[in-house]
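Each chain gets a letter, A, B and so on, in the order the sequences are listed, and its residues count up from 1. As the structure is a prediction and not an experimental result, all values here were calculated from the model. Values reported hereafter were calculated over all heavy atoms of this structure, with side chains retained and with hydrogens, waters and symmetry mates removed.
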Amino acid sequence: MKVSYYPGCTLKTKAKNLEEAAVASMAALGVEFQELSRWNCCGAVHSLADDDLIHHVAPIRDLIRAMDQGSDKVVTLCSMCYNTLARSNLLMRNDEVKRKTINDFMTEETDYHGEVDVVHFLNFLRDMVGWDTLRSRIKVPLNGLKIASYYGCTLVRPKDVAIEPVGERIMNEFVEAIGAVPVDFAASTVCCGSYQVLAHPEAVADVIGRIIESASAAGAEALILSCPLCEYNLAKKQDELVRNGKIAGKLPVFYFTQLLAIALGLGPESYRLDLSDVSAIECLKARNFPVESAAATA
Amino acid sequence: MPIEISEKTIKHEFIEKVSQLSGQDIFKCFQCGTCGGGCPMSGQMETLPRRIMRMAQLGMEEEVVNSQTGWTCASCHTCTANCPRGIDLARVIEAVRLLTLRKNINMIEVSKLPAETIRELPQIALVSCFRKLTS
Amino acid sequence: MSAPARQVATGDRAILPEGAKTIPIYVMGKRYEVPETLTIMKAMEYAGFKFLRGAGCRGGVCGACPTVYRKEGDYKLYFGLACQTVVEPNMYLAQIPFYPANRAVFDIEKIEPVAESIHALYPELFRCVACNNCTKACPMHVEVLDYISAIKQGDIARAAKLSFDCIQCGMCASRCMGELPQYHIAQLVRRIYGKYIQPRAEHLEKRVAQIESGRYDKVLDDLQKMSHAELEKIYKEREREPDMAPLGTWMPKDTQYL
């Protein structure tokens, strides 16, 4: 099976672990991720002004690339990219006037009317691969590992692009499929503070503290997520939060694709722990999961 | 602190502009406060979203535009998701931000950010931050 | 019969070639009648302009003469080099000899050859909205949007290759919504790529070492001492690889200098 894939800028640098684990896992399951050729940054956020069209051009250009390359769907890993691509796609599907104006502006591109579906990798896993298939290919079940699934905002809001109807089951289903134990916690869709880490880092530290406490109090031993900015906020702030007593202890943070790669029995090179926090490495070591030897001893 | 509200103080053009930019009927808001209640950044906002909506309804342009609320907002859409009247508050707050940004005013100075910060942050953080806080 | 007196342009009087038709063009809003086959640059000089800025190599590679113009009855903006673009009737033009785009200060000897270094020097990179105005403004048809995208993605090699034809005219920056200085960013990328990343040409390094070791000193010395006739003789008798000879099929008889 081949599927078009949109990485987003961050997955090529800071979040290589999110991407490489996914690509390796899919290869093991017989799915080839075909990266779109000539893709550009999607803009990371959807423009919320009624008269603003120019900020939709970037994500729509990527969808046109997918269409021109013969795809009817494009899979993406980064939650922010997913949200931005999906919302602009809806605009092109539903708003006739804006669609025409945007198509007329992009004289150098083919006209686009929403031909391509934007699919988040979790939906792809559930619908195109299937939990049963996944379960049957697990070599290293993450037995007993209590995992809190953190959605953040962009996978679930606004509801017209949410990856599932209200209920937050899909990530728990994934956790169960890889042999681990899902832990429900109240803050699973509380925003991590997003870009405010630049302008209001104290506010972000506050909300991160709440999210971590909520997950830890529910008994989580690890937290999984899908967004490089959530990962940055949740993983990188923890040392500071422990220091000023806002959280009792660190909670290891993983991209869900890293745990997928571990569960499929793929080598540590595929889950790039060199980019993860030391607490994540410790968590795996404590349970005898293979870790990248060079990074662990560095 | 008494605030005067009269035909003299209500800025109709401002109400019109916010409504048009956001595409929302701000008069639907009945001040339940659910927006601020769910807002993850509310701890740092000196004026909660509910109050911003009320001031917007009353055409209090200066107070709304000068508040820090929009600059603390993380565009998480929790307010939008929870509003019982179906108001897309994320759009209203964005409209308020744009009233400043479109005057070519930046709320953070890109060139003054420490190099270490730029090296460290994921690109999506920089792209989204510049989109929301710079003109 | 004596030859007709040659007319010479003296600078204060332009000469219209015989039989040439003139067409109107508008330079900064003012109308001029110029011969129709001239480039914008030559047409402006014909009209009496003297270029103190905005002219350089006159050959399409220095980037000094970027020009923006419209055509009659159309709002659309076109971008070209004055030295390469031929005038059209009712062309409406202005030149942009310089654009005050941001240029970061850096030390190429000390810079770490990773994408983050470029990001840190030019944080405005992340204000790009992929509007494509830059690509549309490029007179060299460089894929500006694509190379900026590549830099955001950390792909220095790709950005260096895509931006290769850039002549630093600055028109991309003049049209940029995000106020990026695309051409300065690209130049930094190419410098980093060339100095730190691009594989070295080993055969070149080997040859330079051979030269420096004195391998060619004698033959160069001998050549310098030869007479004109001797030089002519050895030139005519030189061995030369035939044109279009397939790779690896030809070797000279004298291989001592290979």
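- When all heavy atoms of Arg131(B) and Gly43(A) are compared, the closest pair comes out as NH1-O, 3.3 Å.
- Both the backbone and the side chain of Arg91(B) come within contact range of chain A, each with at least one heavy atom under 4.5 Å from a heavy atom of that chain.
- Of residues 53-81 of chain B, those residues with a non-hydrogen atom less than 4.5 Å from any non-hydrogen atom of chain A are, in numerical order, Trp71(B), Thr72(B), Cys73(B), Ala74(B), Ser75(B), Cys76(B), His77(B), Thr78(B), Ala81(B).
- Note on Lys132(B), Met41(B), Met107(B): by heavy-atom pairs under 4.5 Å with chain A, the leading option is Lys132(B).
- If you measure heavy-atom distances from Leu113(B) to chain A, the contacts under 4.5 Å come from the side chain alone.
- Contact residues of residues 8-21 of chain B toward chain A are Gln20(B), Leu21(B) (heavy-atom distance under 4.5 Å).
- Among Glu94(B), Arg97(B), Met45(B), the residue making the largest number of heavy-atom pairs under 4.5 Å with chain A is Glu94(B).
- In this structure, the portion of Leu133(B) lying under 4.5 Å from any heavy atom of chain A is its side chain and not its backbone.
- Of the atoms belonging to Cys78(A), it is side-chain heavy atoms, and not backbone ones, that fall under 4.5 Å from chain B.
- Counting only heavy atoms from C-beta outward, the side chains of Cys41(A) and Val127(B) approach each other to under 4.5 Å.
- Of all heavy-atom pairs between Ala203(A) and Gln44(B), the closest is CB-CG, 3.1 Å.
- Atom CD of Glu96(A) has 12 or fewer neighbouring heavy atoms from other residues, nucleotides or ligands inside a 6.0 Å radius.
- Contact of Ala95(B) with chain A is not made at all, since no heavy-atom distance falls under 4.5 Å.
- One distance of note links OH of Tyr195(A) with CG of Leu121(B); it measures 14.5 Å at 0.5 Å rounding.
- Looking at heavy atoms from C-beta onward, Leu126(B) lies in side-chain contact with Leu198(A) at the 4.5 angstrom threshold.
- Residues Ile124(B) and Cys227(A) form a side-chain contact, since some pair of their non-hydrogen atoms from C-beta on lies under 4.5 Å apart.
- Using a 4.5 Å heavy-atom cut-off against chain A, no residue of residues 24-33 of chain B qualifies as contacting.
- The parts of Ser47(A) that come within reach of chain B are both its backbone and its side chain, each placing non-hydrogen atoms under 4.5 angstrom from that chain.
- A salt bridge links Asp51(A) and Arg102(B); the closest N-O separation between the charged side-chain nitrogens and carboxylate oxygens is under 4.0 Å.
- Taking non-hydrogen atoms and a 4.5 Å limit, the residue list of residues 228-237 of chain A in contact with chain B, ordered by number, reads Pro228(A), Leu229(A), Tyr232(A).
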